Structure formats: C-alpha cells, structure tokens
Undergrad: 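The structure follows.
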Amino acid sequence: MAIEFYKYQGTGNDFIIIDNRLDIFPKNNTKQVALMCDRKFGIGADGLILLEHHAQADFRMVYYNSDGKLSSMCGNGGRCIAHFAKSLGIIENSAVFEAVDGMHEATVENKVVSLHMNDVREVIINNDFVFLDTGSPHHVSMVDDLSEFNVFQEGRRIRNQVYGEAGANVNFVQKEGDSAFSVRTYERGVEDETLSCGTGVTAVALAMHATGETSANEVSLRTPGGDLKVKFSKKENGYTDIYLIGPAVQVYKGEWA
Ligand SMILES: N[C@@H](CCC[C@H](N)C(=O)O)C(=O)O
C-alpha cells in the first residue's frame with residue numbers, strides 16, 4: 001500500500017513525517033525506515049517521524065533516526081510535528097503531545113514554533129567538555145575555529161570512543177557574543193554532521209550558562225541550517241522552563257510506492 005508522507009525541515013534538520021493515526025505504517029520495519037531516509041535510494045532525511053493517536057493529548061510523536069532505529073527526543077522534529085498537526089487541523093495554535101521523553105507543549109505562529117523542553121536536572125562539567133541530556137544525550141565542546149573544524153572526524157571519534165555503542169550527539173561551539181554562539185553537531189543515528197540539532201542547541205545554551213560563558217537566559221544559536229533561540233530559567237539543580245524556538249517548514253508532500 002502506498003504511504004502518504006510529508007517532507008519537513010527545521011533549520012535544515014530534515015524529516016519525513018507520516019500521519020499514522022490509522023496505524024498504516026510498518027513500525028518494526030527498520031530497513032524500510034532506513035531506506036526511506038536514504039538520500040540516494042529513498043526520499044532522504046535525517047529522521048522519520050510518525051504522528052499517532054493519543055488518548056489524553058493532541059497526538060503522540062514517534063521518532064526514528066535515519067539508521068531506521070527508534071531513538072530519543074528530537075527537538076527540531078518536535079517543532080516540525082507541531083506545525084504538521086496544525087496543517088492537518090488537529091490543533092489550532094497550541095499543542096500538547098507525548099514524545100519518548102514525556103509530555104511537551106508547543107505553540108505555532110506562522111512558521112515559527114516554540115517547543116517546551118523537559119527540565120534538565122544534571123549538567124556534568126568536565127575540563128574540556130560538558131555532558132547533559134536534553135531529551136537526547138549531548139557532549140558539548142568549545143573550539144576556536146568552528147568553520148574550519150572537522151566535525152565529522154572528531155564527532156565520530158568522540159561518539160564512539162567516549163560513549164561506546166549507545167553513543168551521544170557531539171556539539172562543537174564557538175562564542176560569537178555575550179549571548180550568541182555558533183554550533184555544529186555530529187548526530188548519532190545519522191552518523192554524520194547535520195545542519196542543525198534542536199536538543200543539541202538546547203544543550204549548548206544550558207552548557208554555556210552552566211560554565212559561565214553567558215549569564216543570559218535567552219541565547220541565540222547559529223547553526224549551518226539557520227538560527228534558533230533557547231530560553232530557560234536556572235533552578236537549584238539544573239534548568240526549567242526551557243523553550244526551543246525557531247522555524248519549521250513543510251517542503252513537499254509525496255507518496256512512498
Ligand atoms: N536532530 C535531533 C536529535 C535526534 C536524536 C539524535 N540523533 C539521537 O539519537 O540522540 C534534534 O533536533 O534534537
């Protein structure tokens with residue numbers, strides 16, 4: 001049976017999104033998800049997202065990385081699925097949905113989506129990197145010349161040598177101003193640099209605050225795919241009221257034969 005899909009991008013982090021409220025998708029078929037995400041033999045995307053029925057919330061979000069495996073939270077994907085829900089008429093301008101890391105709220109205003117992320121309880125500060133979980137695990141490291149930095153080589157090395165099979169996403173950061181940073185991310189499950197990572201820039205904003213690189217509670221993050229904003233409040237142990245804000249764009253609609 002042909003599957004109707006929508007292609008989305010949030011600051012260049014791109015996704016196939018499918019309305020699976022009628023359970024049409026073969027959810028255990030890892031090979032099919034990987035093939036659909038393949039940029040040469042399939043549609044091409046960093047991940048695939050299912051929008052599903054939820055008894056108490058507006059919908060459920062199910063996220064697969066481009067390797068075809070179910071994974072942890074995707075911030076840019078969360079922003080894109082909220083926009084998709086609005087385009088389907090499931091929500092008006094605000095959504096409550098459940099993802100793998102729990103409940104989220106989102107507001108959609110034209111192409112800009114603000115996503116409420118879950119609280120972060122622990123920020124682990126090491127000599128030359130910070131580790132924290134913003135729904136997905138993130139390693140954050142500052143570098144001097146981000147545009148020339150070999151994100152693929154160094155990201156892949158850290159992802160494998162430091163975090164082993166489970167892995168982590170690896171973010172490289174350069175300070176651009178008091179509350180502005182540039183970020184490039186190597187994503188596990190894509191096993192490559194992506195143009196942007198939502199949980200990644202969220203991790204960077206909190207890591208920069210926790211290490212004193214910024215004292216601002218609203219941070220601008222420049223990624224190769226576009227600009228995002230992260231707002232947050234500090235609490236005794238960690239951070240609360242965390243919002244990831246930026247564009248989510250429906251690119252096209254198609255059918256997977
Ligand atoms: N692109 C995502 C992160 C997706 C999950 C990640 N690859 C993982 O497996 O941890 C985002 O925007 O947050």
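Since this is a predicted model, take the numbers as computed values, not measurements. Just so you know, ligand 1 is whichever comes first in the structure, and atom 1 is the first atom listed for that ligand.
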Undergrad: Hey, is N169 touching ligand 1 through its side chain, its backbone, both or neither, going by heavy atoms under 4.0 Å?
TA: side chain
Undergrad: Of the protein's non-hydrogen atoms, which lies at the shortest distance from atom 4 (C) of ligand 1, and what is that distance?
TA: E187 OE1, 3.4 Å
Undergrad: So, the side chain of H138 versus the backbone of A203: is there a donor-acceptor pair under 3.5 Å, distance only?
TA: no
Undergrad: Show which atoms of ligand 1 fall inside a sub-4.0 Å distance from at least one heavy-atom site of N76.
TA: 11 (C), 12 (O)
Undergrad: Hey, does V190 sit under 4.0 Å from ligand 1 if you only count heavy atoms?
TA: no
Undergrad: May I ask you to identify the nearest protein heavy atom to atom 2 (C) of ligand 1, giving residue, atom name and distance to one decimal place in Å?
TA: C74 SG, 3.1 Å
Undergrad: Taking the non-hydrogen atoms of H138, is any one of them nearer than 4.0 angstrom to ligand 1?
TA: no
Undergrad: Does the gap between the ring centers of Y239 and F232 come in under 6.0 Å?
TA: yes
Undergrad: Among all protein non-hydrogen atoms, which one is nearest to atom 8 (C) of ligand 1, and what is the separation to 0.1 Å?
TA: R188 NE, 3.2 Å
Undergrad: With atoms numbered from 1 as shown, which atoms in ligand 1 lie under 4.0 angstrom from a non-hydrogen atom of T199?
TA: 3 (C), 11 (C), 12 (O), 13 (O)
Undergrad: Go through ligand 1 atom by atom and flag the ones less than 4.0 Å from a non-hydrogen atom of Y63.
TA: 4 (C), 5 (C)
Undergrad: Determine yes or no for a side-chain-to-main-chain donor-acceptor pair under 3.5 angstrom, with T185 supplying the side chain and E187 the backbone.
TA: no
Undergrad: Roughly how far apart are T202 OG1 and L132 CG, rounded to 0.5 Å?
TA: 9.0 Å
Undergrad: Of H54, E52, M73, which meets side-chain contact (heavy atoms from CB on, under 4.5 Å) against M61?
TA: M73
Undergrad: Please report which non-hydrogen protein atom sits nearest to atom 9 (O) of ligand 1, along with the residue it belongs to and the distance in Å to one decimal place.
TA: S71 OG, 2.6 Å
Undergrad: Which is closest to atom 12 (O) of ligand 1 by heavy-atom distance: G198, G78, G200?
TA: G198
Undergrad: Could you list the atoms of ligand 1 found under 4.0 angstrom from a heavy atom of S72?
TA: 8 (C), 10 (O)
Undergrad: If you take the centroid of each ring, where Trp contributes its six-membered ring, are F131 and H139 closer together than 6.0 Å?
TA: no
Undergrad: Treating R60 as the side-chain partner and L51 as the backbone partner, does any N or O pair qualify as donor plus acceptor under 3.5 Å?
TA: no
Undergrad: With E191 as reference, evaluate K69, R159, R156 under the salt bridge (charged side-chain N to carboxylate O under 4.0 Å, His left out) test and give the passing residue.
TA: R159
